[in-house]
Amino acid sequence: MYHLECIECHRKYQPTDVIYTCTCGGLLDVVYDYSNIHITKKDLKGPLSVWKYRALLPITREPISLHEGGTPLYRVDRLAKSIGMKEVYVKHEGMNPTGSFKDRGMTVGVTKALELGKETVACASTGNTSASLAVYGARAGVPAVVLLPSGKVALGKLAQALMHGAKVLSIRGNFDDALKLVRDLCDREGFYLLNSVNPYRLEGQKTIAFEIADQLGWRAPDRLVLPVGNAGNITAIYKGFREFKRLGIIDGVPKMTGIQAEGASPVVRAIKNNAAMITPEDKPETVATAIRIGNPVNAIKALNAIRESGGTAETVSDDEIIRAQQELAALEGIGVEPASASSIAGLRKLVDMGVIEKDESVVCVTTGHLLKDSEHVLAVCPKPIEIDATIEAVRRAVYSN
Ligand SMILES: Cc1ncc(COP(=O)(O)O)c(C=O)c1O
Ligand SMILES: N[C@@H](CCOP(=O)(O)O)C(=O)O
């Protein structure tokens with residue numbers, strides 16, 4: 001059994017309540033009766049997937065699923081060497097059904113919408129959340145409404161939302177404006193809100209932690225490095241590691257290390273200034289459109305995760321993001337979108353600064369697939385070389401510098 005609980009005033013809500021935040025304004029958490037959950041490593045044999053960890057998910061009905069989760073954990077020795085480290089892994093969440101980690105949250109969130117009898121689902125999005133909601137809405141046979149910041153969504157993500165039949169609304173404003181608007185829309189129209197302020201979304205995403213522990217032979221890495229935008233994923237993954245520790249499945253929890261773009265870094269500034277809360281940014285800007293967010297809704301949970309775990313937060317420049325994206329693609333064959341590459345750029349920067357020790361074991365989470373944002377790829381890569389259809393021309397081109 002489980003209930004919802006406010007992280008500020010600890011007021012409790014029932015699973016049948018349709019509520020996203022507490023009446024006091026605080027964020028909600030899903031809290032289980034852990035004394036009644038008895039899972040061991042032995043029970044967790046078998047292929048990876050979100051629903052393998054069903055005993056720790058707040059769902060009773062048959063899930064709406066497209067085989068989400070079970071993403072690869074790659075050991076990246078060439079990249080590690082170039083950074084000066086020994087043990088680095090990449091958990092590639094771009095290998096989910098719609099190409100991002102959001103699917104883990106949506107399989108749980110859309111299933112919860114059906115349990116609660118909701119007939120329309122909605123979100124604001126920088127792109128990936130809307131792609132995932134459109135797909136899972138279609139799978140469930142439930143209409144989806146998505147609000148996007150006009151002109152700031154990568155084409156691959158927009159294409160997914162359109163093709164899977166969502167009502168796509170392009171807002172003259174940024175993501176933070178769109179989120180405010182969709183929260184109001186959901187309150188007025190009874191649509192089910194599936195941004196990460198919805199605590200059930202985060203329950204699905206915490207399975208990233210379960211899989212990493214599973215793939216490392218039931219241990220946590222010393223450190224987890226990941227991009228931070230609306231700050232749900234860092235919160236969810238931290239919760240997953242803590243739950244496995246509490247159940248005796250792993251011994252420790254990694255240092256949670258959040259990376260933001262220089263132009264959209266409220267969480268990093270709060271960590272560096274030792275502030276209790278973030279100061280929102282009015283005009284966030286970065287090439288990594290997925291994390292172009294100035295007022296992350298889960299900021300307080302993310303600050304707790306970073307501080308409690310002994311982690312840290314750092315910014316990276318757009319140039320550092322692009323270099324890391326190219327390096328991961330060329331050195332290791334792993335194609336990720338710019339926001340995801342910020343985890344690699346952040347790792348390099350924190351090692352150079354001496355904040356991360358060279359002998360730590362580190363998992364970088366790459367959150368979305370390269371093909372999500374192919375306009376960006378074409379803008380930063382050399383153009384194809386056009387030549388005549390002759391072997392001489394081919395040879396000249398192959399051997400030219
Ligand atoms: C590809 C990608 N990476 C990172 C993030 C940031 O995740 P979060 O909002 O959970 O911090 C997002 C969206 O928010 C995303 O789409
Ligand atoms: N990058 C996100 C922003 C919204 O985050 P959410 O986790 O609160 O839905 C996106 O893909 O839209």
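Whatever order the structure lists them in is the order used to number ligands and atoms, beginning at 1. In this chain, numbering begins with 1 at the start of the sequence shown.
When the ring-ring contact (aromatic ring centres under 6.0 Å, His included) test is applied to F244, the partners found at least two apart in sequence or on another chain are F210.
The closest approach between a heavy atom of P227 and any atom of ligand 1 is below 4.0 Å. Contact annotation: A231 has at least one heavy atom less than 4.0 Å from an atom of ligand 1. For the pair K372 and ligand 1, no heavy-atom separation below 4.0 Å is found.
Atom 1 (N) of ligand 2 has its closest protein heavy atom at T126 OG1, 2.7 Å. Protein heavy atom in closest approach to atom 12 (O) of ligand 2: S125 OG, 2.5 Å. The single protein non-hydrogen atom nearest to atom 11 (O) of ligand 2 is T129 N, 2.8 Å, given as residue, atom name and distance.
Less than 4.0 angstrom separates some heavy atom of R201 from each of these atoms of ligand 2: 6 (P), 7 (O), 9 (O). Under a 4.0 Å criterion applied to the non-hydrogen atoms of N230, ligand 1 contributes the atoms 8 (P), 9 (O), 11 (O). Heavy-atom proximity to T367, at under 4.0 Å, picks out these atoms of ligand 1: 1 (C), 2 (C), 3 (N), 4 (C). Which parts of ligand 1 touch V228 is read off a 4.0 Å heavy-atom cut-off, strictly below it: atoms 11 (O). Each of the following atoms of ligand 2 lies closer than 4.0 Å to a heavy atom of N230: 5 (O), 6 (P), 8 (O). Residue I293 has at least one heavy-atom neighbour below 4.0 Å for each of these atoms of ligand 2: 3 (C).
Of the N or O atoms in A290, one or more lie within a sub-3.5 Å distance of an N or O in ligand 2.
Of the listed options G232, S196, A236, C123, S196 places a heavy atom closest to atom 6 (P) of ligand 2. Around atom 16 (O) of ligand 1, the closest heavy atom drawn from D373, N128, T289 belongs to N128. Considering Q205, E337, H369 only, the shortest heavy-atom separation from atom 1 (C) of ligand 1 involves E337.
Classification of R104 and E211 as a salt-bridged pair holds, one side-chain N sitting under 4.0 Å from a carboxylate O. Salt bridge annotation for K112-E203: absent, with no cationic side-chain nitrogen under 4.0 angstrom from a carboxylate oxygen.
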